[in-house]
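Inspection log for the structure reproduced underneath, given as structure tokens.
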There are 2 protein chains.
Amino acid sequence: MLQRRIDDHAPPSREDMREAQEIFYKHLKRVGLKHTEQRDTILRTFLETRDHLSTDELFRLARKKDAKIGFTTVYRTLKLLAECGLASEVAFHDGVARYEHQFNRRSHHHMVCTDCGLSVEFFSPEVGKLEEEIGRKYHFDATRHTFQIYGVCEDCRKKPSRKLI
Amino acid sequence: MLQRRIDDHAPPSREDMREAQEIFYKHLKRVGLKHTEQRDTILRTFLETRDHLSTDELFRLARKKDAKIGFTTVYRTLKLLAECGLASEVAFHDGVARYEHQFNRRSHHHMVCTDCGLSVEFFSPEVGKLEEEIGRKYHFDATRHTFQIYGVCEDCRKKPSRKLI
DNA sequence: ATTGAAAATGAAATTCATTTTCAATTAGAA
DNA sequence: TTCTAATTGAAAATGAATTTCATTTTCAAT
């Protein structure tokens, strides 16, 4: 699936990277897992991206740095990263799980073009408030939410259409 | 997956049912498809439910009315119903596509318990406004959105935990 | 530095929902 | 009734997600 995007934030700095690694290592230690070369490479690769990556996409990137990294390891590492809050799943409903790194980022949401896959980030503090409010009302311990808007972007409205999502 | 739910609306009346059928038949005619016994049974079954059904769940229900209805037909009919607005997909992110019928219902959203699968409906007009607003801002022709809140319900907070989603 | 148990790895196999194929059947217009 | 296009549903295919398992690696205790 095509991955274009529009956003407005910088990639993580050297120190950000180090801090993320520390978070990851502490998490590994906490749950009794080991620090490995592969996990390191995968985290580094992940943090360097600015996209919403599928496991396969991250696998291809990580493999460029270390040709013997396997898909399965990337798959499992992504789960570990999600566990300790460094990655979070974004569901674009195209049948593929995607992740983005949460480092140094404001809470945001996505609007996705159903024609070309373009994703636009937007920021809306109201949504977070709503999560809290509704959770309180129905006595849920609300932990997260998903909010996506789907539509057709300006460019695609001008083009002959082709459905991707 | 367990499907409990909390909501506050009545099942469709006899007339509602008829109206939905008419919408469906008109849609079929419009796109040059035929009116069949199976499609009829599947629509009727679907409208009688109040749950968020997976294709397989609807298939099992429809089969009770007509033992020779196949999974594939239910699958395809659900797509047709979604096309003409009688069904809409709700993504609970548990790996299964679910549908609910849109007949006689206010626009609503779901909060889902990640432990037991309980879903609570809630109503929040702000979310619709947000869709419109963000779409305008980024020049998208916004057509739909998804909004779900995830958390742990009151009951599950008291029980020993078991992860389902 | 060595050892050994526990964890990690990754290729391959499996699972499972979804989607497609295709031969037989059916709807409905002429 | 006849004919053609659509429908059906069983089975096969697809494809992402997950598990298995033999081998390799990590790391804490020697």
Side-chain angles (χ1 to χ4, degrees), chain A residues 1 3 24-43 45 52-83 87 89-99 163-165, chain B residues 1 3 21 24-43 45 52-60 62-83 87 89-99 163-165:
Chain A
M1 151 69 136
Q3 272 283 314
F24 188 38
Y25 300 162
K26 279 194 176 141
H27 175 70
L28 290 178
K29 189 147 274 179
R30 186 165 44 240
V31 294
L33 302 180
K34 288 167 182 172
H35 174 203
T36 70
E37 186 62 31
Q38 287 95 326
R39 282 174 176 165
D40 215 41
T41 304
I42 292 164
L43 172 58
T45 309
H52 314 111
L53 293 181
S54 67
T55 308
D56 192 62
E57 285 163 348
L58 182 57
F59 164 60
R60 286 163 197 276
L61 289 176
R63 202 169 44 173
K64 286 184 190 169
K65 299 196 175 171
D66 178 356
K68 21 178 242 315
I69 283 180
F71 176 89
T72 316
T73 304
V74 174
Y75 166 80
R76 285 184 284 222
T77 302
L78 226 22
K79 297 232 148 184
L80 288 173
L81 293 175
E83 266 175 39
E89 207 178 314
V90 283
F92 283 177
H93 299 149
D94 60 349
V96 185
R98 297 176 185 285
Y99 296 83
K163 277 279 173 200
L164 288 188
I165 294 187
Chain B
M1 149 70 137
Q3 272 283 312
Q21 288 181 333
F24 188 37
Y25 300 162
K26 280 195 176 138
H27 176 71
L28 289 178
K29 188 147 276 180
R30 186 166 43 241
V31 295
L33 302 181
K34 289 168 181 173
H35 175 204
T36 69
E37 187 63 30
Q38 288 96 327
R39 284 174 176 165
D40 215 43
T41 304
I42 292 164
L43 171 59
T45 309
H52 313 111
L53 293 181
S54 67
T55 308
D56 192 62
E57 285 162 350
L58 182 57
F59 164 60
R60 287 163 197 277
R63 204 168 42 174
K64 285 183 189 167
K65 299 197 174 169
D66 178 355
K68 21 179 242 315
I69 283 181
F71 176 90
T72 315
T73 303
V74 174
Y75 165 80
R76 286 184 285 222
T77 302
L78 226 23
K79 297 233 147 184
L80 288 172
L81 293 174
E83 266 175 38
E89 205 177 317
V90 282
F92 283 178
H93 299 147
D94 60 349
V96 186
R98 295 176 186 286
Y99 297 82
K163 276 281 170 198
L164 287 188
I165 293 187

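Throughout, protein chains are lettered first and strands after them, A, B, ... in sequence-line order, and every chain is numbered starting at 1.
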If we call it a pair only when both distances are under 3.5 Å in a Watson-Crick or G-U wobble match, what pairs with dT30(D)? dA1(C)
Sorted by position of nearest nucleotide on DNA chain C, 5' first, the leading residue of Tyr75(B) and Leu28(A) is Leu28(A)
Rounded to the nearest angstrom, tell me the gap between atom CZ in Arg98(A) and atom P in dA17(D). 9 Å
Atom CZ of Phe59(A) and atom C1' of dA11(C): how far apart are they, to the nearest Å? 10 Å
Minimum heavy-atom separation for Arg39(A) and Thr77(A), please, with both atom names. CG-OG1, 3.8 Å
Would you mind reading off the distance between Arg63(A) atom CZ and dG10(C) atom P, rounded to a whole angstrom? 12 Å
Side-chain donor/acceptor of Thr73(A) to backbone N/O of Ile69(A), under 3.5 Å: no
Using Watson-Crick or G-U wobble geometry with both distances below 3.5 Å, tell me the partner of dG10(C), or none. dC21(D)
Using a cut-off of less than 4.0 Å, is there contact between a side-chain N or O of Arg76(B) and OP1 or OP2 of dT7(D)? no
Could you state the CG-C1' distance from Asp94(B) to dC16(C), rounded to the nearest angstrom? 13 Å
Leu28(A) and Lys34(A): which non-hydrogen atoms are nearest, and at how many Å? CD1-O, 3.6 Å
Using a cut-off of 6.0 Å, state whether more than 12 heavy atoms not belonging to Lys65(A) lie near its atom NZ. yes
For Lys29(B), answer base if it contacts any base atom (sugar-phosphate contacts may also be present), sugar-phosphate if it contacts only those atoms, and nothing otherwise; contact means non-hydrogen atoms under 4.0 Å. nothing
Over how many whole Å does the gap from His35(B) atom NE2 to dT8(D) atom C1' extend? 15 Å
Considering every strand and a 4.0 Å limit on heavy-atom distances, what is the contact class for Thr36(B): base, sugar-phosphate, or nothing? sugar-phosphate
Between dA27(C) atom C1' and Glu37(B) atom CD, what is the distance in whole Å? 12 Å
Are Lys68(A) and dT24(D) close enough that a side-chain N or O sits under 4.0 Å from OP1 or OP2? no
Using a heavy-atom cut-off of 4.0 Å across all strands, would you classify Gln38(B) as base, sugar-phosphate, or nothing? sugar-phosphate
Can you pull every protein N or O that's under 3.5 Å from an N or O on nucleotides 2-6 of chain C?
from: dA6(C); atom 1: N3; to: Lys34(A); atom 2: NZ; distance (Å): 3.0

Arg63(B) (side chain) donor-acceptor with Phe71(B) (main chain) under 3.5 angstrom: no
Separation of dA16(D) P from Glu57(A) CD (nearest whole Å): 11 Å
Partner nucleotide of dA29(C) by Watson-Crick or wobble geometry (both distances under 3.5 Å): dT2(D)
Mind listing the closest non-hydrogen atom pair of Ile42(A) and Ala62(A) along with its distance? CG1-CB, 4.3 Å
Hey, do the aromatic rings of His52(B) and Tyr99(B) have their centres closer than 6.0 Å? no
Can you check whether Arg39(A) has a side-chain N or O nearer than 4.0 Å to OP1 or OP2 of dT9(C)? yes
Heavy atoms, side chains only, cut-off 4.5 Å: are Asp94(B) and Arg98(B) in contact? yes
Where the side chain of Thr72(B) is defined as all heavy atoms beyond and including C-beta, which of dT20(D), dA17(D), dT21(C) is the nearest nucleotide? dT21(C)
How long is the line joining CG of Leu78(A) and C1' of dA8(C), in whole Å? 17 Å
